[in-house]
Protein chains: 2
Amino acid sequence: MTVSYNKVQPEELHKLGLKQTPARLGVLKILENQTSPLDALTIHSYLREKNLKTDPATVYRILDVFYQKGIVSRFELEEGKFRYELTAEDHHHIVCESCGKIEDVSDCEVDKVEKQIKMRKRFLVKRHSLQFYGVCASCQG
Amino acid sequence: MTVSYNKVQPEELHKLGLKQTPARLGVLKILENQTSPLDALTIHSYLREKNLKTDPATVYRILDVFYQKGIVSRFELEEGKFRYELTAEDHHHIVCESCGKIEDVSDCEVDKVEKQIKMRKRFLVKRHSLQFYGVCASCQG
DNA sequence: TTAGGTGCAAATGATTTGCAATAAT
DNA sequence: ATTATTGCAAATCATTTGCACCTAA
């Protein structure tokens, strides 16, 4: 049930053809110390707290390139913005509509997962949102 | 596998305490004739095509109240905006990353659904996104 | 040195809001 | 007549972009 997040070593950046900059290392460190996904502007303000003054545009660019390289995952929680987290094993999120707390679940069958959530976490599942992304028949050429 | 959408009768609006206005009826009609979910601004431009000149703000307000009343469902497809459809039986969406086509699936177990999608639709599932919304233990008081 | 990164300011896109005018019941 | 609804303009929020400057390798 626990999700393990990869700690991304700074050298990883070089391996991926990315320069090691203070802003990038700062973003990684913030995401490593995080248990739930953050949006770009929150990451930006955390950077400022660490006395790393960056521009929001920079944070967006960093998150973009990290997403392209697969270092971070990105998704929406019906808030009208994206959240990011270090890429981990496949898992889902349960979001409390009351307090906003976001937790991980690492199973993959909806029914079973729902039952587990109800029994183990006493989380009341009101609904779930599921989309599949891929390539349709006519686009597979 | 087919999802049935409720045709919303105009009288429904009155039952829900909503006035029957041209803009609202127009939005309903557009959504009824739709097989895949639309975003607010697309709905707005469809209204103009029907010579129903409305303001985007009005469309947003209509969709909001419809959503609150449960007439429409609302979700995100990693586009940075919301899509809306008439509320139907529980189902999921498969999105082609190549052409953007959005289709419905009305099953509910991820693995089975993935297999079905692969076999019946020749849709190549690359990933899926799944979130649960509800109330966590500490908020259930 | 030099290509890749960043800051800044302006632009874009989705959505929201205040308020006065208007239309549904 | 009364209240909900709409239009319009301005504001907000998330995100992107152009361009000149800077810095990691």
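Predicted, not measured: the structure shown is a model, and the values here were computed from it. Residue numbers start from 1 in every chain, and the chains themselves are labelled A, B, ... in the order their sequence lines are given, proteins ahead of strands.
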To the nearest angstrom, how far is [X] atom [atom1] from [N] atom [atom2]?
{"X": "A:E76", "N": "C:dA14", "atom1": "CD", "atom2": "C1'", "result": "12 Å"}
{"X": "B:F66", "N": "D:dT5", "atom1": "CZ", "atom2": "C1'", "result": "12 Å"}
{"X": "A:D64", "N": "D:dA14", "atom1": "CG", "atom2": "P", "result": "16 Å"}
{"X": "B:L38", "N": "C:dT15", "atom1": "CG", "atom2": "C1'", "result": "17 Å"}
{"X": "A:D55", "N": "D:dC22", "atom1": "CG", "atom2": "P", "result": "15 Å"}
{"X": "A:R48", "N": "C:dT6", "atom1": "CZ", "atom2": "C1'", "result": "14 Å"}
{"X": "B:L63", "N": "D:dT5", "atom1": "CG", "atom2": "C1'", "result": "15 Å"}
{"X": "A:I62", "N": "D:dA14", "atom1": "CD1", "atom2": "C1'", "result": "17 Å"}

Practice task
May I ask you to verify whether the side chain of A:R61 and the base of C:dG4 hold a donor-acceptor pair under 3.5 Å?
Solution key: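 Under the 3.5 Å cut-off, the side chain and the base do not form any donor-acceptor pair.
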Problem - Distance below 4.0 Å between A:Y60 side-chain N/O and D:dT16 OP1 or OP2 - result: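 A:Y60 to D:dT16 OP1/OP2: no side-chain N or O under 4.0 Å.
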Practice task
Indicate the atoms forming the closest heavy-atom contact of A:G26 with A:K50, along with that distance.
Solution key: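 Taking every non-hydrogen atom into account, O-NZ, 4.4 Å.
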Problem - Atom of A:P56, atom of A:L41 and distance for their closest heavy-atom approach - result: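 Shortest heavy-atom contact: CB-CD2, 4.1 Å.
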With the side chain of [X] defined as its heavy atoms from C-beta on, choose the nearest nucleotide among [options].
{"X": "B:H14", "options": "C:dT25, C:dT15, C:dA9", "result": "C:dT25"}
{"X": "B:L18", "options": "C:dA14, D:dT15, D:dT5", "result": "D:dT5"}
{"X": "A:F82", "options": "D:dT6, C:dA9, D:dT15", "result": "D:dT15"}
{"X": "B:T58", "options": "C:dT25, C:dG5, D:dT6", "result": "D:dT6"}
{"X": "B:T21", "options": "C:dA24, D:dA14, D:dG7", "result": "C:dA24"}
{"X": "A:A40", "options": "D:dT15, D:dC8, C:dT16", "result": "D:dT15"}
{"X": "A:A23", "options": "C:dA24, C:dT6, C:dA14", "result": "C:dT6"}
{"X": "B:K19", "options": "C:dT25, C:dA9, D:dT6", "result": "C:dT25"}

Exercise for the section: Tell me yes or no: between the side chains of A:D39 and A:T42, is some donor less than 3.5 Å from an acceptor? Expected result: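 Yes, side-chain donor-acceptor contact under 3.5 Å.
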Exercise for the section: Identify, between A:V65 and B:G80, the residue whose nearest nucleotide on DNA chain C lies closer to the 5' end. Expected result: A:V65
Problem - Main-chain N/O of B:G80 paired with A:E76 side-chain donor or acceptor, under 3.5 Å - result: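 Confirmed, A:E76 side chain pairs with B:G80 backbone.
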Handout entry: Residues B:E12 and B:K15 bridged, charged N to O under 4.0 Å
Key = yes
